[in-house]
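Below: the structure, in C-alpha cells.
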Number of protein chains: 2
Amino acid sequence: MQSDAPARPTLADVAARAGVSASTASLAFSGSGPVSDATKERVLAAAADLGYAGPDPRARSLRRGRSGIVGVVLEERVRAAFLDPVKIQMLDGITEGIAPLGAGLLLLTDTGEAGGNAVGIESAPVDAVVLVGCSPRLGVAVEVLRRRGIPAVAIEGAAGEGVPQISIDNRAATRRGAEYLRELGHADVALVTLPFDADRTRGPLTVELIAASTADTASERLAGAREVFPDATGRAAAASSIEEGREAGLALLADPATRPSAVIAQSDLLAAGVINAAEELGIAVPAELSVLGFDGIRVDGLQHDLTTLAQPSVSKGRAAGEAVVQLLAGEPGESVCFTSTLHVGDTTAVPHPARASRATR
Amino acid sequence: MQSDAPARPTLADVAARAGVSASTASLAFSGSGPVSDATKERVLAAAADLGYAGPDPRARSLRRGRSGIVGVVLEERVRAAFLDPVKIQMLDGITEGIAPLGAGLLLLTDTGEAGGNAVGIESAPVDAVVLVGCSPRLGVAVEVLRRRGIPAVAIEGAAGEGVPQISIDNRAATRRGAEYLRELGHADVALVTLPFDADRTRGPLTVELIAASTADTASERLAGAREVFPDATGRAAAASSIEEGREAGLALLADPATRPSAVIAQSDLLAAGVINAAEELGIAVPAELSVLGFDGIRVDGLQHDLTTLAQPSVSKGRAAGEAVVQLLAGEPGESVCFTSTLHVGDTTAVPHPARASRATR
DNA sequence: CTGAAAGCGCTTACAG
DNA sequence: CTGAAAGCGCTTACAG
C-alpha cells in the first residue's frame with residue numbers, strides 16, 4: 001500500500017522503525033561490522049515493511065569515494081564499435097578482468113566533448129577507465145582523466161605516464177605471417193589494410209595515405225608485411241568488414257594480368273571479403289589465391305578455416321581489466337604485450353604453378 | 001607540480017582560492033545561476049591553478065538525486081548480446097533516444113544476483129533502466145526496480161504495471177511474409193526458429209519444445225507462420241547466427257524427397273545460413289528454394305538481397321530511450337508497437353515447376 | 001554488539 | 001550578483 005509518489009524510505013527511516021541507530025542499520029545491510037542476528041533480522045523486517053530496497057548507491061558512492069563503475073571509452077559510436085568482433089571480445093574480457101571489483105561497465109565515447117550536463121569522460125562517475133583503440137583523441141582523454149585523478153588503462157595505443165598499455169605484436173605477427181607466405185613461394189603479395197585515418201579513406205595504398213596515418217595498428221601491420229615484401233602495395237579499406245574486404249578484393253583481383261598470388265588482409269573480416277571476391281571471380285582459394293587474415297575470430301558464415309594471426313582478444317580485455325583492478329588497489333598497473341600466433345588454416349597454399357614460376361623466375 | 005597522491009582539490013578549495021563562496025563557485029561551474037563574468041573567470045582561474053577538474057559527479061548526483069546514467073539490462077553476457085546485430089542497433093537507438101538526457105549507458109545483465117558489493121540491477125546508480133529481451137528473469141528485474149523506484153522500459157516483453165513496452169508485430173508480420181509465400185504458390189514450407197527456451201535446445205520443432213517456450217518472440221513468429229501454414233514444421237536453432245541457420249538448413253534440405261520449396265527463418269542471420277546450406281547442396285535460391293528472413297539487417301558478406309520482414313530496430317531503441325525521457329520527466333512513458341514491413345528481395349520466387357505442381361496437386 | 005557524531009562534496013532555496 | 005546554511009543518504013572511525 002503506497003501512495004502514488006511516496007518519498008522513498010531512507011536508511012534512517014528503517015533504523016527508526018527497527019528501533020536501532022542508523023549505524024547499526026547500515027551495518028545490517030553492508031555486513032561489514034558485527035551485528036547480532038536478532039538486530040539484523042529486525043532491520044531487514046523493517047526494511048521489508050517500508051519497502052526499502054537497500055542503501056542508495058549515490059550516497060554510498062559519495063561516502064565511500066567509489067562508484068563501482070568502470071568506464072569504457074570507445075573511439076566511435078556504439079554501433080560502429082560493436083560491429084567489430086574483436087572489440088566485443090575485448091569488452092567481454094574486460095568484464096572478466098574487473099569481475100573481482102563487481103563493477104558495472106559504462107559506455108563512453110570520445111566523440112566531442114559531452115555538452116552541458118552530459119555524462120562524458122570529464123564528468124562520468126567512474127572509478128577507472130579503459131581506453132579502447134588508438135584514436136589521437138584518446139590522448140586528450142588521458143589528460144582529462146589524469147586531472148580528475150581517475151586511473152586509466154589503454155588497449156592498443158594512447159598510453160601516457162602511469163597508463164598501463166595492453167597491446168599485441170602487430171608488426172612482428174604480420175611479419176611472421178608474411179614470412180610464411182614467402183616460404184610457401186609467394187612473391188606477388190597484395191595488402192588490404194584497415195583505415196589509416198579518421199576519414200577512413202578507401203582506395204589504393206598511396207604514400208600520402210600511409211604518411212598521414214593516425215592509426216598505429218594499420219601502420220604497424222603494414223610495416224610488418226613490408227619487412228618481408230618491401231614493395232607490396234594494395235588497398236586501404238574504409239572499415240573492417242566483409243563487404244569492404246570484398247570490394248578491395250574485387251579491385252585487386254579483377255585483372256588477371258596484375259593479380260597477386262596472395263593477399264595479406266589486416267583483419268579476418270577483410271580476409272573473408274577477399275575470399276568472397278575471389279570466389280565470385282572464379283578464383284580458387286587457396287589453389288589460385290592464398291589469403292591471410294588477422295584476428296583469429298570465427299567469421300560467422302565463412303566456410304573456410306582462415307589462415308590468420310590469432311590475437312588473444314579476450315585476454316587483452318581481461319589484462320586491461322586486471323590492470324584496472326591493480327590500479328584501484330594502489331599498485332602500478334601492469335602493461336602487457338601479447339603475442340599473436342599464426343594459425344595455418346586452409347586458405348593458404350603454395351602458389352599456382354603458373355604463378356610460382358613467374359615468382360621465382 | 002603536484003605531489004604523488006595529493007588530496008584532490010574540492011570546490012571549497014577552489015572557492016577559497018578565488019575568494020568567493022562555495023555557492024558562487026558552484027554556480028560558476030554549473031552555469032545555472034547568475035554570476036558576473038569577472039567572478040566566473042576568477043573561479044575558473046583558481047580551478048586551473050589547483051588542477052580542479054570540475055565538480056565530483058558522485059556528490060553532484062547525491063545532491064541532485066540523479067546520476068545521469070541509464071542502465072541497459074541484457075539477458076545474457078555482453079558478448080552474446082552483441083553478436084546480435086538487432087540488439088546492437090537497438091542499443092544505438094537507445095543512445096539516440098536518451099541523448100536529451102546526456103546520460104551514459106551502463107551495461108547490466110540479469111544473470112543471477114550481483115553478489116556482495118557488485119553493481120547489479122538491485123544497486124546500480126541508475127536513473128532509469130531499459131530491459132532488453134524477454135527472459136522470464138526480467139520479471140524479477142522489474143519487481144526489484146519497482147521497489148527501488150527506478151523507472152523501467154521493456155523492449156520485447158516483460159512489461160508490468162507502469163512499464164512502457166516497446167515491441168513489434170512479430171505474429172502479424174510473420175503472417176504477412178507467409179502469405180506472400182503462399183501467394184507465390186508455395187505450400188511446402190519449413191521453419192527455422194529462434195531458440196524457445198533458456199537451454200537453447202537445437203533440433204526438430206516438437207510439440208513439447210513449443211509448449212515449453214519461454215521466448216515470446218519465437219512463439220509469436222511461429223504462430224504467425226502457422227496461421228498461413230498450419231502444419232508447417234522445421235527446426236529450432238540454438239542461437240541467431242549464420243552457422244546455426246546453415247546447420248538447420250542442411251538438416252532440412254539434405255533429403256530431396258522431403259525438401260520444402262520455401263523456408264521461413266525467424267532471423268536474417270538464420271536465413272543467410274539457410275541460403276549458404278542451399279548453395280552448398282547445389283540448390284539454387286530463389287529458383288529452387290525461397291528463403292524469408294526476419295529483421296531487415298544487412299548481413300555482412302551475404303550477396304543476396306534477402307526477402308525479409310524489416311523491423312525498425314533503431315527506432316525501437318529510440319522509442320525506448322524516449323520513453324525513459326518521458327518517465328524521468330514524470331510523464332507516463334509511451335508504449336509503442338512497431339510494424340515490420342515485408343521487403344521483397346531476390347531470395348523468394350514462385351516455386352520450381354516440379355514443386356509447384358506437387359504443391360497444387 | 002550498539003550508538004552518537006562527523007563528514008563525503010556538492011547544489012539549492014533563501015536572504016541580502 | 002553573492003553568501004550562509006541546510007541537507008542529499010549514507011558509512012566509518014570512535015566510544016561505550
Side-chain angles (χ1 to χ4, degrees), chain A residues 6-43 46-47 50-68 116-117 119 122-125 127 148-150, chain B residues 6-43 46-47 50-68 116-117 119 122-125 127 148-150:
Chain A
R8 292 268 115 214
T10 69
L11 189 56
D13 298 329
V14 174
R17 180 174 247 264
V20 302
S21 71
S23 349
T24 301
S26 174
L27 260 26
F29 276 100
S30 71
S32 54
V35 185
S36 75
D37 284 350
T39 305
K40 188 166 182 174
E41 257 172 45
R42 212 136 39 82
V43 172
L50 262 27
Y52 180 74
D56 184 326
R58 291 176 298 236
R60 191 209 292 260
S61 69
L62 173 57
R63 187 51 236 239
R64 289 200 173 153
R66 285 275 176 95
S67 67
N117 60 339
V119 168
E122 14 32 73
S123 65
D127 295 335
R148 291 187 61 196
I150 294 179
Chain B
R8 293 267 115 215
T10 69
L11 189 57
D13 299 329
V14 173
R17 181 173 246 263
V20 301
S21 71
S23 349
T24 300
S26 174
L27 260 22
F29 276 100
S30 71
S32 54
V35 185
S36 73
D37 285 350
T39 307
K40 188 166 183 176
E41 257 171 47
R42 213 136 38 83
V43 172
L50 261 26
Y52 180 73
D56 185 325
R58 291 177 298 240
R60 191 210 290 265
S61 69
L62 172 57
R63 186 51 235 237
R64 289 202 173 152
R66 287 276 175 94
S67 66
N117 60 339
V119 169
E122 18 26 77
S123 66
D127 295 336
R148 290 188 62 195
I150 293 180

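Bear in mind the structure is a predicted one, so any value in this text is a computation, not a measurement. Proteins come first, then strands; the chains are lettered A, B, ... in the order of their sequence lines, and each starts at number 1.
Across D/dC1, D/dT11, C/dC1, the shortest atom-to-atom separation from the side chain of B/S36 is found for D/dC1. When the nucleotides C/dG3, D/dT12, C/dC10 are ranked by their closest atom to the side chain of A/S21, C/dG3 comes out on top. Of the candidate nucleotides D/dG3, D/dT2, C/dC10, D/dT2 has the atom nearest to the side chain of B/V35. With D/dC10, C/dT2, C/dT11 as the choices, the nucleotide that has an atom nearest any side-chain atom of A/D56 turns out to be D/dC10. In this structure, of C/dC8, D/dG3, C/dC10, it is C/dC10 that holds the atom nearest to the side chain of B/A59.
Considering every non-hydrogen atom in both B/A15 and B/A25, the closest pair reads CB-CB, 3.8 Å. Across all non-hydrogen atoms, the minimal contact from B/R8 to A/R148 is CD-O, 3.5 Å. Shown here for B/R42 and B/A18, the closest heavy-atom pair between the two residues is NH1-O, 2.6 Å.
Annotation: the span from A/D56 atom CG to A/R63 atom CZ amounts to 15.0 Å, rounded to 0.5 Å. Within the model, atoms CD of B/E41 and CG of B/D37 stand 7.0 Å from one another, a figure rounded to the nearest 0.5 Å. Separating the CG atom in B/L27 from the OG1 atom in B/T24 is a distance of 6.5 Å, to the nearest 0.5 Å.
Base pairing in DNA chain D yields stems of at least 3 consecutive Watson-Crick or G-U pairs, both distances under 3.5 Å, namely C:1-3 with D:14-16, C:5-12 with D:5-12, C:14-16 with D:1-3.
Residue contacts shown for B/P55 are limited to sugar-phosphate atoms, with no base heavy atom under 4.0 Å away. Heavy atoms of B/S30 sit nowhere under 4.0 angstrom from any nucleic acid atom.
Here D/dG9 presents its P atom at 12 Å from CG of A/L62, a figure rounded to the nearest Å. If you take CZ of A/R63 and P of D/dT11, they are 9 Å apart, rounded to a whole angstrom. A straight line from CG of B/L11 to C1' of D/dA4 spans 15 Å, rounded to a whole angstrom. A/R58 places its CZ atom 12 Å from the C1' atom of D/dC10, with the value rounded to the nearest Å. If you take CG of B/L27 and P of C/dG9, they are 20 Å apart, rounded to a whole angstrom. Atoms CZ (B/F29) and P (C/dC10) sit 9 Å apart, rounded to a whole Å. Atom C1' of nucleotide D/dC1 and atom CZ of B/R42 are separated by 12 Å, given to the nearest angstrom. Rounded to whole Å, atom P of D/dG7 lies 22 Å from atom CZ of A/R8.
You'll find the side chain of A/R58 reaches within 4.5 Å of the side chain of B/D127, heavy atoms only. With contacts defined as side-chain heavy-atom distances shorter than 4.5 Å, the pair A/L11/A/F29 qualifies.
Close to D/dT11, at under 4.0 Å from its OP1 or OP2, lies a side-chain N or O of A/R60. Contact annotation: B/S61 does not reach the phosphate of C/dC10 (side-chain N/O to OP1 or OP2, under 4.0 Å). At D/dC10, none of the side-chain N or O atoms of A/R64 fall inside 4.0 Å of OP1 or OP2 (strictly under the cut-off). For the pair A/T10 and D/dG9, the criterion of a side-chain N or O lying under 4.0 Å from OP1 or OP2 is not met. At C/dG3, one or more side-chain N or O atoms of A/T24 fall inside 4.0 Å of OP1 or OP2 (strictly under the cut-off). Remark: B/Y52 is not in phosphate contact with C/dG9, judged by side-chain N or O atoms under 4.0 Å from OP1 or OP2. Distances shorter than 4.0 Å separate none of the side-chain N or O atoms of A/S23 from OP1 or OP2 on C/dA4.
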